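Below you'll find the structure, written out as structure tokens, and then a few comments.
In this text the structure is predicted, and so the values were computed from the model without any measurement. Labels below follow one simple rule: chain letters A, B, ... track the order of the sequence lines, proteins then strands, and each chain is numbered from 1.
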There are 2 protein chains.
Amino acid sequence: MGRWEPNARGRLERAALELYLERGFERTSVAEIAERAGLTERTFFRHYTDKREVLFAGSMALQELLVDTVARVPEPATPMDAVTAALGAAAAMLQERQEHARRRQAVIAANAELQERELIKLASLSAALADALRQRGVDDASASLAAEAGIAVFKIAFRRWAGQAGQAGQAGQKDLSQFIGESFAGLKAVTAGT
Amino acid sequence: MGRWEPNARGRLERAALELYLERGFERTSVAEIAERAGLTERTFFRHYTDKREVLFAGSMALQELLVDTVARVPEPATPMDAVTAALGAAAAMLQERQEHARRRQAVIAANAELQERELIKLASLSAALADALRQRGVDDASASLAAEAGIAVFKIAFRRWAGQAGQAGQAGQKDLSQFIGESFAGLKAVTAGT
DNA sequence: CAGCTGATGTCAGTCACTGTCATCAGGTAG
DNA sequence: CTACCTGATGACAGTGACTGACATCAGCTG
């Protein structure tokens with residue numbers, strides 16, 4: 001047996017989500033999170049750069065999934081084809097951890113600072129997506145636009161999905177991928193005019 | 001003559017921008033900003049909720065301009081027509097204060113916390129734009145999508161414009177509105193395929 | 001003239017976050 | 001087997017952002 005309990009990061013993430021749900025983000029101190037995880041405040045900051053980041057540990061995995069998926073889409077494919085495939089893969093990942101995603105989103109929705117962090121993570125996803133498109137030979141401007149459009153679609157679809165998931169466990173729940181498909185169609189319709 | 005020097009907010013904003021440019025955002029303390037403005041730290045926090053907000057005082061005016069412009073677009077107009085008109089008005093406003101916009105953007109580009117704040121301000125613009133579209137009778141989903149797409153176009157166009165404006169005063173500078181037009185066309189092209 | 005108001009100052013306090021040094025189980029070299 | 005090294009943690013003393021409570025006082029109002 002090791003000197004310390006294993007999985008310190010996991011314990012911190014779990015304790016943080018619990019406390020943010022119980023008391024809210026602002027009313028929770030880092031010292032309390034660390035205490036519930038059986039660690040000290042200083043150790044928390046060795047694992048996470050700040051109090052918000054502990055909720056966003058999974059975003060790097062999501063980013064890798066998006067980039068990998070774009071890289072693997074077989075030619076010929078338009079930039080939007082590649083983005084669509086990437087969002088589909090992301091949707092599948094989140095659908096699997098639906099309950100966790102819902103709880104986490106409830107915490108974020110209740111606090112502006114956390115929304116700021118979420119937005120910059122989404123911007124980072126957009127930038128990574130655009131880079132992956134450029135790797136496929138897409139020109140610079142189109143890559144940025146396709147990535148931003150894709151992330152915009154994802155944001156709106158996710159918002160609707162998480163909103164419906166508020167009443168969890170009920171029948172007739174739509175999948176995230178369905179919302180994404182609908183939003184994509186809506187974007188096409190809206191940009192086609194004029 | 002009043003008891004205090006007038007225009008406390010203006011002095012704070014000016015002092016903050018100067019110091020953020022001179023030393024960087026992180027190396028500037030609120031006490032220093034207040035001192036340069038001839039006020040105290042406590043007074044700074046009576047005018048601005050936090051150290052970042054002092055750079056974003058103008059965003060409310062921009063939001064009102066967008067909303068007003070959307071409301072005034074004559075029928076018949078597609079949602080994207082209305083968004084295009086709104087972005088045109090915003091471009092004109094920023095083009096007028098080009099030099100200030102450039103300096104401010106340089107500060108934001110150098111600091112992640114400020115980028116987070118900028119992103120949530122843009123999200124707020126998007127939400128307000130979507131509301132204004134709904135007031136015109138646009139359906140909920142289309143309103144959100146048109147607003148997000150418009151803000152995405154604005155983000156990319158602004159980034160390019162501010163980047164070029166890095167070499168200020170040179171001939172052949174393109175207007176922000178031109179970048180917006182180009183980005184709009186690019187978005188249409190990219191979403192049309194598939 | 002008395003009183004109210006609103007912008008400011010003063011001061012003490014909480015908490016996020018950082019730098020630095022100490023601790024010590026377990027692996028490694030000799 | 002012993003001496004050393006390493007990596008994750010703890011302990012502790014800061015700095016600075018932000019808040020709450022109370023004091024001040026020029027100018028307006030009745």
Side-chain angles (χ1 to χ4, degrees), chain A residues 1-57 107-108 110-118 120-121, chain B residues 1-57 107-108 110-118 120-121:
Chain A
M1 205 179 64
R3 179 175 179 187
W4 301 282
E5 294 298 311
N7 196 22
R9 286 177 71 94
R11 272 149 52 215
L12 286 169
E13 283 169 31
R14 183 194 171 108
L17 182 57
E18 286 175 6
L19 284 164
Y20 293 167
L21 279 167
E22 288 170 17
R23 309 188 195 174
F25 175 78
E26 289 170 11
R27 297 183 168 283
T28 302
S29 75
V30 174
E32 290 168 335
I33 298 168
E35 189 187 7
R36 182 168 297 198
L39 293 165
T40 63
E41 191 183 358
R42 191 67 185 86
T43 297
F44 177 97
F45 286 110
R46 288 200 179 93
H47 287 278
Y48 301 99
T49 58
D50 60 51
K51 192 185 166 188
R52 287 174 267 171
E53 196 64 17
V54 67
L55 275 183
F56 295 87
V107 170
I108 293 172
N111 182 270
E113 284 182 67
L114 292 172
Q115 288 160 39
E116 292 188 346
R117 180 57 50 85
E118 179 169 53
I120 208 169
K121 294 292 183 187
Chain B
M1 205 179 63
R3 179 175 180 188
W4 301 282
E5 293 299 312
N7 196 22
R9 286 176 71 94
R11 273 148 53 215
L12 286 169
E13 284 170 31
R14 183 194 172 110
L17 183 57
E18 285 175 7
L19 284 164
Y20 293 168
L21 280 167
E22 288 170 16
R23 309 186 196 173
F25 175 78
E26 289 171 10
R27 297 182 167 284
T28 303
S29 76
V30 174
E32 289 168 336
I33 299 169
E35 188 186 9
R36 182 168 298 196
L39 294 164
T40 62
E41 190 183 359
R42 190 68 184 86
T43 297
F44 177 97
F45 286 110
R46 288 202 179 91
H47 287 279
Y48 301 100
T49 58
D50 60 51
K51 192 185 167 188
R52 287 173 266 171
E53 196 64 16
V54 68
L55 276 182
F56 295 87
V107 170
I108 293 172
N111 182 271
E113 285 181 67
L114 292 172
Q115 288 160 39
E116 292 188 346
R117 180 57 50 86
E118 180 169 54
I120 208 169
K121 293 293 182 186

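- Inter-residue side-chain proximity for B/Leu114 and B/Phe56 is flagged as met; some heavy-atom pair is nearer than 4.5 Å.
- The listed nucleotides are D/dT24, D/dG10, D/dA17; the one nearest the side chain of B/Arg3 is D/dT24.
- To the nearest angstrom, C1' of C/dT14 lies 12 Å from CD of A/Glu32.
- Atom CZ of A/Arg14 has 12 or fewer neighbouring heavy atoms from other residues, nucleotides or ligands inside a 6.0 Å radius.
- If you take CZ of B/Arg27 and C1' of C/dT18, they are 14 Å apart, rounded to a whole angstrom.
- B/Arg46 contributes no side-chain N or O that forms a donor-acceptor pair with the base of C/dG6 under 3.5 Å.
- A/Ala8 comes within 4.0 angstrom of the backbone, heavy atoms only, and of no base.
- Following rounding to the nearest Å, B/Arg52 (CZ) and D/dC18 (P) show an atom-to-atom distance of 7 Å.
- A sub-4.0 Å separation between OP1 or OP2 of C/dA7 and a side-chain N or O of B/His47 is absent.
- Between the CD atom of B/Glu26 and the P atom of D/dA17 there is a distance of 11 Å, given to the nearest Å.
- To the nearest angstrom, P of D/dC22 lies 13 Å from CZ of B/Arg42.
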Step-by-step side chain to side chain contact (heavy atoms under 4.5 Å, CB included) determination, B/Glu118 to B/Arg52: CA-CA 10 Å; B/Glu118 180 169 54; B/Arg52 287 173 266 171; over 6 Å; no
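- Distance B/Phe45 CZ to C/dA7 C1': 17 Å, rounded to the nearest Å.
- Taking atom CH2 of residue B/Trp4 and atom P of nucleotide D/dG27, one finds them 9 Å apart after rounding to whole Å.
- Contact annotation: A/Thr43 side-chain N/O to D/dG10 OP1/OP2 distance is under 4.0 Å.
- Note: CG (B/Leu19) to C1' (D/dG16) measures 16 Å, nearest angstrom.
- Distance alone, capped at 3.5 Å, is enough to place a donor-acceptor pair between the A/Arg11 side chain and the A/Pro6 backbone.
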